Each structure stands twice: as C-alpha cells, then as structure tokens.
> 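Before anything else, here's the structure in question.
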Amino acid sequence: MKRKIGSQVLASVLVNSVYAMINYPVVLINTLLAPLAILAVVTFASKGALLPVAAVGALIMNMVSSGTSLQQDLSHLKNDMRLQDMIVSSPTTSLVYIVGMAISEIVYSIPTLAFLVVLNLIFVKITLLGGLIIFLDMATIFTFSISLGFFLSTFTSDIIQSWGFSGILSPLLTTIPPVYYPITYIPYPYRYLAYLSPTTYASEIAQSQTGFFNPGVVGFSIAWIVLLAITGALTYLALKRSRWREN
Amino acid sequence: MRIQTSDLSKTYEKKYIALENLTLDLSLNGIFSIIGRNGAGKTTFVRIMSTELMPTSGSGFINEMDVVSQAIEVRQQIAVVPQEARPLPWLTPLQTVSSYLMWRGYSYREANEKGKEALRELGLEGKESVKSRKLSGGQKRKLMVATVISSEAPIVFLDEPTTGLDYLSRKELWQLLSKMKKDRLIILTTHYLEEAEILGDQIMILDSGKLVDIGKIDDLRSKVKLPYVLKVYSDNFKIEDNELQVHPVSEKETFVYGSATKIYGLVPYLVTNKMKFTVEEASLSNIFEQYLGGEEGENEKEDW
C-alpha cells in the first residue's frame, strides 16, 4: 500500500488541534488568554508606552508556548493514553509525527496569532524587511521550542512531571526574560543572566526592528548566531537523542 | 505468518529480568494467546516484537524481518493496542479510527470510509459521532480493537484487551476476535485463562521471563500429569490416593484431578454408590496451575 505522508501529518493536526477545537471550543480561550494577560499588564503599567514591544513579545511567547504545550500534549498522549505506542508501531516515523504535532500547535494558536498580527500591524511600525526578519525570528524560536518540547516529552514518565517541566520553562523563557520589555530595563549585573535564555536573543532581534533596542550590527549578528546555534543543537538532540523507541 | 526469536532477553535498569533467552520459531495463524502470571514477560514480549521496545540482547523476527534493524518494514505489517490504551476522550469513535488509519498512511476519505465500516462491523454503528468519553468500558475496548482491526495489518497485537470488562462484554469481544482472526494473526495476552483457552489456536505460557511451553490446548494437556477432572456432587465422597489430587470445593462438591486411567477407574464406585459426577478434560486453568505450581498470583511480580 502506498503511504501518504501528508495524511500522516494531517492526522496529528486533526487529533491534537482541529478535533479538540471542534469538540471543545473553550480551549480556544485558553490559548488566547496567556499572552494577552501579560500584554495587558505591561501595556497598562507602562501607560501604553511598551505596547509595541509587548505586542511583539506576545508573539514570541505564543511561539514558546507552542513548545511547552507540545511537551504536555505529547506526554499526555504517550503516558496516559498510550497513543504514542500505537504510533511508534505504525508506519509513521517520529519526524512525521512531530512535524504534524508541531503544526497542530500552530493551528491551535491561529486565533491568538491572528489577533496578535492585527495588533502588531496597527501599533508596531516596521519596514517590510523588518517584518520578514521578525517572521524568521518567530520561525526560529518556534523550532527551538518545539524541539525542546519534543525532547523533554520523550523523557517524561507522567503528566505531573510534564506539568513540572512546563511550569519551569514558561517563566524562564517568557515571563522573566526581556520578552515583553526592552533588555535595557534590566540593570547590570542581572542583564547577563537574561542572556542565558534563548528568548532574550529572539527579543533583541525583534525589538531591533521595532526601534526599541539597538544592538548594533555586531550585537544583531551575535543574537542571530546564538539563537540559530541553540536551535540547531536542540533540534539535533530532539531528532537523535530523544527516545522514540524505548530502551 | 512466522514469529521467531533467538535468545531474546530484556533486563530493565540492569537488574530486573523481564525476558530471559526466549527462543521460538512458530508458523502461526488465527489467535496466539500468551499467558503467565504478572511479571511473566508477556507485555515485554509484545512490546519488543511490535518494535516499541529494544531488547537487551538476542533477536526477534516477524515474517523473517528483524524487529530491530528492519523496524520500518515490520511496522507496515503490524498494528498494536497496548495495555491500558484507551480512546482519546475528546474524539468521536469515527475520528479515533480514521485518524489512526491516516497515521498508517490512508487518505482522509479512505480512512473515513474504512473507519465507518470497522465501527459497523464491531457493532458501534450509531456511536460514530458520540464523544468517546461517553462510551461504556466495553465500547471503549471495542473501539480500540476496531482501530487496529480496520487497518490492513496482517498481524495485530492486543495486550490484555479485555482486562476489567464484565463477562458479557468480554464474550462480545471474543466473538469479534474469532470473526476477525480469519484473515490475520492476532497475538493476544491475557490474564483470563478461559479466554486464552477459548480463543487461542496456540497458547504460550511464560513464567519469570522464560518460556514454559507452547502448543495447542490438547498438546499442553497431554504433557501434564493430571489431564482429567472428576467432579463429584455428593457429601459422602471420600478418597485417598497419592496419584490423585483431591480438592473439596464445598461439603457436597469435590474435584479430583488425575490421569484418564485413574479417573475412569473411580467411575464404577461412583455408579454403585449412586453419586452424581462428571468427567472433563482439564481446563487451561488446571493445566496452568500444574505447569507453574501453586495458585495463580503466587510469587507475583511487577508487571512487565
């Protein structure tokens, strides 16, 4: 029988997002609320001054949340429902499964993304090239978070452990680092700590296009190199070191 | 269909031996039942042969394909319902079956058509659009079986598919499996010995990760010392004989296990004393106890 890879990818998208949204529409509010809550707080606290930064930051958070959600979803499907065991023993490969699941997380956040894109188009003034750079930045941080999510999910043994990972990752990658505010707001020596998070580099790249932070050519290049290196390493780990078939 | 293993072993965390040097070579069709106590290695065997789990040493082959180095090829031919697998509560039965078929590479349309057909065959028509969380325990198990049976896979692994089901639901599932076995090999692990006996065309007994025996029920029966059971319904029946095993069930009911000669030798005495009795071949439960010694559940271990 001729196997259709497109169908295998679509199966993950349907199961993990489309059917969930159709059968339980309330989940849409959940995905919308988290980035918008911080966006609202930052906007009100700064009397609107940081709205453009926060609007771009919300996009970054949305991308990172895809990874943490993926980690929880995969862990749930693997450990609680034993679905992943059925998939492992099927003609679907780990790469096809994970690509489908990654797309499902994007599909899940389409309403949030649509809202944030409109918000950015209204309040953030950027050039076409700037828009493209932000898009590539988002794609890179999405790849990073998805790889991290998949890597961790293969090591979690139950959903409680999975929640634990998400609880750690979410503040470390989105709330504390300068995602919703410029890095210049962090005094030294704490600013060095911010550079431990890959999302700081993604934010610097995005904020450099919105005019809130000027890292210079060297700083901009370093941000890209570090972000791409971390993402590449993690993707390699996710593909090579994660446990699809158990030992 | 051919299943082969050679010194197949699995040790967890370098100390728990789940399978030990399992070697077999079987040409099978129909239903292959695997029985054993908790911790016997049934699930480990299924997980290795279904390419979910790597063995520690040794090798396994499905239709002469290595389950380790040719896992991709093996996966084209197998489908698995793992122990404790259940339908995703937010999906409908049709969505459950069709998405699994899509993961196997069917198009959306083909998967839906085959899914509807499978649900109809398994008596779940009319439930296609109900959320799976609303199904009964028996319907959920049927749905999981429908999910793999609907595929083209000629070899299906079912790891304890009837655990926790009431007797009638189990019987329904047995009927379905009997119907489905015509075109494929079903490898079934179970704790219900009656189920293994009724369904199994061949039965494998595992204990502490080792192969105890394999064969048809009659083959297994022919190898035990006490292949017949005499059931006597009388409060006056008393007997002492070292070659017989006597189990008083109640004041008026006694079971006696023994060889054909010994058991039929008692018949004249029972007839003369006008005692009600029946003579039966030993069931798989009796055979299992004789093979493993002691009651089922003794020396129970963590389930592998």
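All chains are named by letter (A, B, ...) in the order of the sequence lines, taking the proteins before the strands, and each is independently numbered beginning at 1. Because the structure is a prediction, the values reported are computed rather than measured. Just so you know, these numbers use all the heavy atoms, side chains as well, and skip hydrogens, waters and symmetry mates.
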> If you look at every heavy atom in N23(A) and T92(B), which pair is closest and at what distance?
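Nearest pair, atom of N23(A) first, then T92(B): ND2-N, 4.4 Å.
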> Under 4.5 Å heavy-atom distance to chain A, tell me which part of E52(B) shows up: side chain, backbone, both or neither.
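For E52(B), backbone and side chain are both near chain A.
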> Just wondering, more than 12 heavy atoms not from F155(A) lying within 6.0 Å of its CZ?
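Atom CZ in F155(A) is crowded, with more than 12 foreign heavy atoms closer than 6.0 Å.
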> Give me the atom names and distance for the closest heavy-atom approach of N247(A) to M54(B).
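N247(A) and M54(B) have their closest heavy atoms at OD1-CG, 3.6 Å.
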> By a 4.5 Å heavy-atom criterion (distance strictly below it), what part of L77(A) contacts chain B: side chain, backbone, both, or neither?
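The side chain, not the backbone.
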> Would you mind checking which part of L101(B) comes under 4.5 Å of any heavy atom in chain A, side chain (CB onward), backbone (N, CA, C, O), both or neither?
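No part of it gets close to chain A.
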> Does atom NZ (K116(B)) have a neighbourhood of more than 12 heavy atoms from anything else shown, all under 6.0 Å?
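Atom NZ in K116(B) is not packed in, count stays at 12 or less.
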> Please find the pair of heavy atoms, one from M102(B) and one from A11(A), that lie closest to each other, and give the distance.
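Shortest heavy-atom separation between M102(B) and A11(A) comes out as CB-CB, 3.7 Å.
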> Heavy-atom pairs under 4.5 Å with chain A: which of K10(B), E110(B), M144(B), R86(B) has the most?
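Result: the option with the highest number of such pairs is R86(B).
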> What is the ring orientation for Y97(A) with W103(B), classed by angle as parallel under 30°, tilted 30 to 60°, or perpendicular over 60°?
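Geometry flag for W103(B) against Y97(A): tilted rings.
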> Could you check which of Q95(B), Q77(B), Q76(B), R47(B) has the highest count of heavy-atom pairs closer than 4.5 Å to chain A?
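Highest number of heavy-atom pairs under 4.5 Å: Q95(B).
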> Just by distance, do the side chain of S90(A) and the backbone of R104(B) share a donor-acceptor pair under 3.5 Å?
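No, the answer is negative, given that no donor and acceptor are paired below the 3.5 Å cut-off.
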> Heavy-atom pairs under 4.5 Å with chain B - which of S12(A), G100(A), G6(A) has more of them than the others?
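Maximum pair count with chain B is reached by S12(A).
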> For M81(A) and P87(B), work out which heavy atoms get closest and say how close.
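Result for this residue pair: CE-O, 3.3 Å.
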> Is it the case that over 12 heavy atoms from other parts of the model lie below 6.0 angstrom from the OH atom of Y24(A)?
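Atom OH in Y24(A) is packed in, count exceeds 12.
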> Does atom CG of L228(A) have more than 12 heavy-atom neighbours, drawn from other residues, nucleotides or ligands, at distances under 6.0 Å?
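It does: L228(A) CG has more than 12 such atoms within range.
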> Between R245(A) and R75(B), what is the shortest heavy-atom contact and its length?
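Taking every non-hydrogen atom into account, CD-NH2, 4.1 Å.
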> With a cut-off of 6.0 Å (strictly less than), are more than 12 heavy atoms of other residues, nucleotides or ligands near CD of E125(B)?
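Yes, enclosed.
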> Using non-hydrogen atoms and a 4.5 Å limit, figure out which bit of T56(B) sits close to chain A: side chain, backbone, both or neither.
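Contact with chain A involves no heavy atom of T56(B) at all.
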> Heavy atoms only, distances under 4.5 angstrom: which of Y106(B), F157(B), Y108(B), Y100(B) has the most pairs with chain A? Name it, please.
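The residue among Y106(B), F157(B), Y108(B), Y100(B) with the greatest pair count is Y106(B).
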> Rounded at 0.5 Å granularity, tell me how far CD1 in I87(A) sits from OG in S99(B).
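So the CD1 of I87(A) and the OG of S99(B) are separated by 7.5 Å.
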> With a 4.5 angstrom heavy-atom cut-off, which part of I72(B) approaches chain A: side chain, backbone, both or neither?
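For I72(B), neither part sits under 4.5 Å from chain A.
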> For chain B, which candidate among D85(A), L83(A), V9(A), T92(A) shows the most heavy-atom pairs at distances under 4.5 Å?
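Maximum pair count with chain B is reached by D85(A).
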> More than 12 heavy atoms of other residues, nucleotides or ligands under 6.0 Å from NZ of K140(B): yes or no?
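More than 12 within 6.0 Å, yes.
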> Side chain from CB out, backbone as N, CA, C, O: work out which of these in E73(B) comes under 4.5 Å of a heavy atom of chain A, or both, or neither.
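Neither part; nothing is under 4.5 Å.
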> Check each atom of T93(A) against the heavy atoms of chain B and say whether the ones under 4.5 Å are side chain, backbone, both or neither.
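Neither part.
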> Testing V74(B), V80(B), V46(B), V148(B) for side-chain contact (heavy atoms from CB on, under 4.5 Å) with S89(A), which one passes?
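Only match with S89(A) under side-chain contact (heavy atoms from CB on, under 4.5 Å): V80(B).
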> Is chain B contacted by the side chain of L14(A), its backbone, both, or neither, given a heavy-atom distance below 4.5 Å?
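Only the side chain of L14(A) comes within 4.5 Å of chain B.
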> Measure across S98(B) and Y19(A) and return the closest heavy-atom pair with its distance rounded to 0.1 Å.
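Minimum heavy-atom contact is OG-OH, 4.4 Å.
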> Give a yes or no on whether the backbone of V81(B) and the side-chain of R82(A) come within a donor-acceptor separation of less than 3.5 Å.
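No, the answer is negative, given that no donor and acceptor are paired below the 3.5 Å cut-off.
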> So, does W90(B) use its side chain to make a donor-acceptor pair with the main chain of I22(A) at under 3.5 Å?
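No: the side chain of W90(B) does not pair with the backbone of I22(A).
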